[in-house]
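Right, one structure below, let's go through it.
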Amino acid sequence: MPEFKFEPVTMPPEAATLRAEVRAFCAAERAAGTFTPALGSMVEANPSFSEKMGARGWLGMTWPKQYGGHERTALERYVVVEEMLAAGAPCLAHWIADRQSGPQILRHGSERAKRTIIPEIAAGRCYFAIGMSEPDTGSDLASVRTRAHKTDAGWKITGRKIWTSYAHKAHYLIALVRTSGTADQRHQGLTQFIVDLKSPGITIRPIYNLYGGHDFNEVTFDDVFVTDDMIVAGEGRGWEMVTSELAFERSGPDRFMSSYPLLVEAFNAAGKTPSDAAAADLGRLVANLATLRRMSGSIAGMLQAGLNPATEAALVKDLGTAFEQEIPEVARRILPSEPRAALPDDRYTALLHKSQLECVSYSLRGGTREILRGMIARGLGLR
Amino acid sequence: MSDIRDEMLRTLDRIVEANLTIAEREKADGNGPSAKLWAALTEQGMTALGETDSEIPFADAMALVARSGYHAVPVPLAETIMARRLLSRADIALPEGSITLAARAGGQANLVGVAYGGTAAHVVVADGDSLHLLQVTNAVVHNAYNQAGEPRDTIDLGKAKTIDRKPLAHATDVLIAEGALLRSVQLAGALSRTLEHCLTWVNDRVQFGKPIARFQAIQHAMAIMASEAAAARAAADMAVEASEKQADWFAVAVAKSRAGEAAGKTAAAAHAAFGAMGFTREHPLHYSTRRLWAWRDDFGSEVIWQSKIGQHMAAKGGENLWATLTEMN
């Protein structure tokens, strides 16, 4: 029987010092008023905070020094990421660039792309968005219609991408585009391009979310010119690129720590001696979180060892997002809950309300729950 | 996996295959341990593991316990291994044969629900800060069975014969935590077996012209089950790693909470997938699912351990939660 194992990971000796440094940095920044703990990496952007992280060597941590990286282990990066999430630090600006786009460009980008973009990401000055979904392309990603046509000097892209988080502030977008064939040919003929979002022909329109926040965008491409050396990996290798990103995208602590600041506040709101029922509700969340940390850390170890644990990552994301979504449900149950507006000093209610509205997206972004369960079922040999 | 562990697990597989027929399982169910299986395990030295200076590392002994949970063995193998660990820690001479364990939490005269208490050669009892080795041949006042048909007997402490007693700090709490660790590890094994039963079934069972494994609803149910099994195993592994010398209560609390939650969800999902066939005595699924329901209650249900975690963290304050979690590994 196929069995998913999550072996213990041995942290490098430097990890403990690093953890203490990051924790102290976040505490100091918080004390200085740089931020108040928000819900996860993907809510609050603060470019100057990102630059401070870059200056401390906490972005592009695993990348080669010649490109501005720091040649540290994936496990040390893991420590920085989870400490940031636990602190509720504002990491949205650099998040996708550091997690996903940077590693992708380093492995598969042209020398020019590596030299111009990677050091800027590592410095905390360059931000990315992901252009995968389209108006008629959600979970069925292979059906993209945005097309690129070859010209003498490069390519011209025409089409539309949707749900592109942070495109309105990012510098680049990596777009999955059809370069040959038709949508019927599915995984063939797709290519990833690095697109400068200041290019002529790009229009970015906000799509406000259910609570009025602006994260999503619609990005329209009208004959947008891209040079050959901004192709990732090579023409026709787009699908391969998309799938190889997923283990990195799905297994990290950002897939179960988004509501963590609310859990902290729930403990504080419940007081020192909660009822046994409330304690059990909260304790169950702690047990689930401790287990998720183990599983996610184990995957970081597999990634460090050069493996591609895509199914394990899907499994952790499915469990992790369900956990994140439960926190507001538990938080509202353990206290006498009456309709009330968040008063200025009522952090608990403010976080609870925000969390309830925000967490809807957790099991949508980065692969829906249904897609993930399909992947796990495939791993079990059922499809 | 170490060679020695691998060899031990394969030996257990062979012993179970050779000795634990359905007839033998039925004979033991709601009755007593399988003498035949116990004799075969003893012959291979498996009932003499657990002492703290054993050449078999604790993690390997627990791997054997997990595998015994997978096989749903109707013998006190897990209890004996853990009892030997406790006795050797308290410096009490190890007796031969099967040993079970129980905590005397409130000074009561009777120990209720002692696993295999009526047939074990000895019982290790924790009482406050001391550990007792008892012989209970004439002290069994009631034979009962849990949902899985495993003996859960009542022992009159006044009639038990004390073989030895030694001080052991916080013996009662330690024994309960060691017991919860044991059941968490067994649950991980039983969850794995339940998933395996289900995967076989959904691939074989044809309805509407195709194996039911082809239906998305079934695929997703199996995906959830695999996730629960993986989480329970990860939590149990983490607890074993933290408990090499003595049960680490926080890691054990996490393991029993998570494995207990997985047990309830998995048993329900398994029976949903199996339909009426899973409700029969004939299909062996119930040897695993009845143990999921029974073991999640032993040595503190998941709710009790969750509450302990919650009270502990509430007293420390939310701001200290993260440091507590990162200190776990």
Side-chain angles (χ1 to χ4, degrees), chain A residues 1-9 11 19 23 82-83 86-87 260 263-274 276-295 297-298 312 314-316 318-319 370 372-383, chain B residues 192-193 195-196 199-200 202-203 211 213-214 216 218-235 237-238 241 250-251 253-258 260-261 302-326 328-329:
Chain A
M1 180 182 73
E3 216 168 354
F4 306 117
K5 278 214 70 185
F6 295 88
E7 300 286 359
V9 62
M11 283 288 171
R19 188 184 291 286
R23 204 172 283 180
E82 71 167 359
E83 286 296 326
Y260 180 76
L263 181 58
V264 171
E265 290 304 319
F267 266 109
N268 291 338
K272 297 276 180 206
T273 53
D276 276 339
D281 268 353
L282 290 169
R284 174 174 163 266
L285 294 177
V286 173
N288 281 315
L289 177 54
T291 306
L292 283 162
R293 269 195 83 232
R294 157 59 170 248
M295 299 171 91
S298 175
E312 286 84 353
L315 190 156
V316 169
D318 187 31
L319 284 174
E370 287 68 27
L372 299 173
R373 288 181 182 166
M375 286 180 66
I376 301 166
R378 181 170 293 121
L380 291 171
L382 299 179
R383 357 179 354 181
Chain B
S192 170
R193 183 71 182 104
L195 174 63
E196 194 176 285
L199 293 178
T200 303
V202 301
N203 279 315
R214 299 282 97 82
Q216 198 174 42
I218 294 288
Q219 291 175 356
H220 288 193
M222 294 301 113
I224 294 167
M225 197 184 286
S227 302
E228 289 295 314
R233 175 157 189 190
D237 283 352
M238 193 159 51
E241 289 153 22
F250 191 78
V254 166
K256 193 66 170 41
S257 297
R258 191 63 190 86
E261 180 181 339
E302 69 272 18
V303 181
I304 286 171
W305 285 105
Q306 286 158 359
S307 182
K308 280 187 193 185
I309 296 172
Q311 294 292 5
H312 177 73
M313 283 318 313
K316 286 176 96 170
E319 298 298 335
N320 292 310
L321 173 58
W322 186 245
T324 306
L325 288 169
T326 53
M328 282 186 80
N329 48 33

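Letters go in sequence order (proteins before strands), and every chain restarts at 1. Excluded from the calculations below are hydrogen atoms, water molecules and symmetry mates; all remaining heavy atoms, backbone and side chain alike, are included.
- Between the NZ atom in B:Lys316 and the CZ atom in A:Phe267 there is a gap of 11.0 Å [rounded to 0.5 Å].
- B:Glu302 is linked by a salt bridge (charged side-chain N to carboxylate O under 4.0 Å, His left out) to nothing, counting only residues two or more places apart in sequence or in another chain.
- Proximity to chain A (any heavy atom under 4.5 Å) is shown, for B:Ala323, by both the backbone and the side chain.
- Annotation: maximal heavy-atom pairing with chain B below 4.5 Å, among A:Leu315, A:Leu289, A:Leu292, occurs at A:Leu315.
- The parts of A:Leu382 that come within reach of chain B are both its backbone and its side chain, each placing non-hydrogen atoms under 4.5 angstrom from that chain.
- Of the possible polar contacts, one joining the A:Asn268 side chain to the B:Gly318 backbone as a donor-acceptor pair under 3.5 Å is found.
- For the pair A:Ala287 and B:Ile309, the tightest heavy-atom approach, listed with the atom from each and the gap, is CB-CD1, 4.1 Å.
- Here the straight-line distance linking atom CZ of A:Arg383 with atom CE of B:Met222 works out to 14.5 Å at 0.5 Å rounding.
- A donor-acceptor contact shorter than 3.5 Å is absent between the side chain of B:Arg258 and the backbone of A:Arg284.
- A:Ile376 and B:Ser227 get closest at one heavy-atom pair: CD1-OG, 3.9 Å.
- Side-chain atoms of B:Trp322 and A:Val264, non-hydrogen and from C-beta on, never get closer than 4.5 Å to each other.
- Closest non-hydrogen pair, A:Ala290 versus B:Leu325, comes out as CB-CD2, 3.8 Å.
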Notebook entry, point to check: Given A:Arg293 and B:Thr326, is the side chain to side chain donor-acceptor pair (under 3.5 Å) satisfied, shown in steps?
Noted result: CA-CA 9 Å; A:Arg293 269 195 83 232; B:Thr326 53; 5.8 Å; no

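- Taking 4.5 Å as the limit, every side-chain heavy atom of B:Asp237 sits out of range of all side-chain heavy atoms of A:Pro8.
- Contacts with chain A were tallied for B:Ala229, B:Ala226, B:Gly260, B:Ala221; B:Ala226 has the most, counting heavy-atom pairs under 4.5 Å.
- Here the CZ-CD distance, from A:Arg373 to B:Gln216, works out to 11.0 Å after rounding to the nearest 0.5 Å.
- Of the atoms belonging to B:Leu195, heavy atoms from both backbone and side chain fall under 4.5 Å from chain A.
- For A:Glu312, there are no salt bridge (charged side-chain N to carboxylate O under 4.0 Å, His left out) partners at least two apart in sequence or on another chain.
- Under the 4.5 Å side-chain criterion, counting only non-hydrogen atoms from C-beta, B:Arg233 is in contact with A:Lys5.
- For B:Ser192, the parts lying under 4.5 angstrom from a heavy atom of chain A are both the backbone and the side chain.
- Neither the backbone nor the side chain of A:Arg378 comes within contact range of chain B; no heavy atom of the residue lies under 4.5 Å from a heavy atom of that chain.
- Proximity to chain A is limited to the side chain of B:Glu241, based on heavy atoms less than 4.5 angstrom apart.
- Of the listed residues (B:Ala234, B:Ala213, B:Ala255, B:Ala251), the one with the most heavy-atom contacts under 4.5 Å to chain A is B:Ala234.
- Expressed to the nearest 0.5 Å, how far CD of B:Glu196 lies from CD of A:Glu3 amounts to 8.0 Å.
- Checking side-chain atoms of B:Gln306 against main-chain N and O of A:Ala279 turns up no donor-acceptor pair under 3.5 Å.
- Atom CD1 of B:Ile304 sits about 9.5 Å away from atom CG of A:Asp276, to the nearest 0.5 Å.
- Contact record, B:His220 with A:Gly374: NE2-N, 3.9 Å, taken as the closest heavy-atom pair.
- B:Ala231 and A:Thr291 get closest at one heavy-atom pair: O-CG2, 3.2 Å.
- Side-chain contact between B:Met313 and A:Leu282: absent, with no pair of heavy atoms (C-beta onward) separated by less than 4.5 Å.
- Between the side chains of A:Thr273 and B:Gln311, not a single donor N or O lies within less than 3.5 Å of an accepting N or O.
- Across B:Gln219 and A:Ala377, no two heavy atoms sit closer than the pair CB-CB, 3.7 Å.
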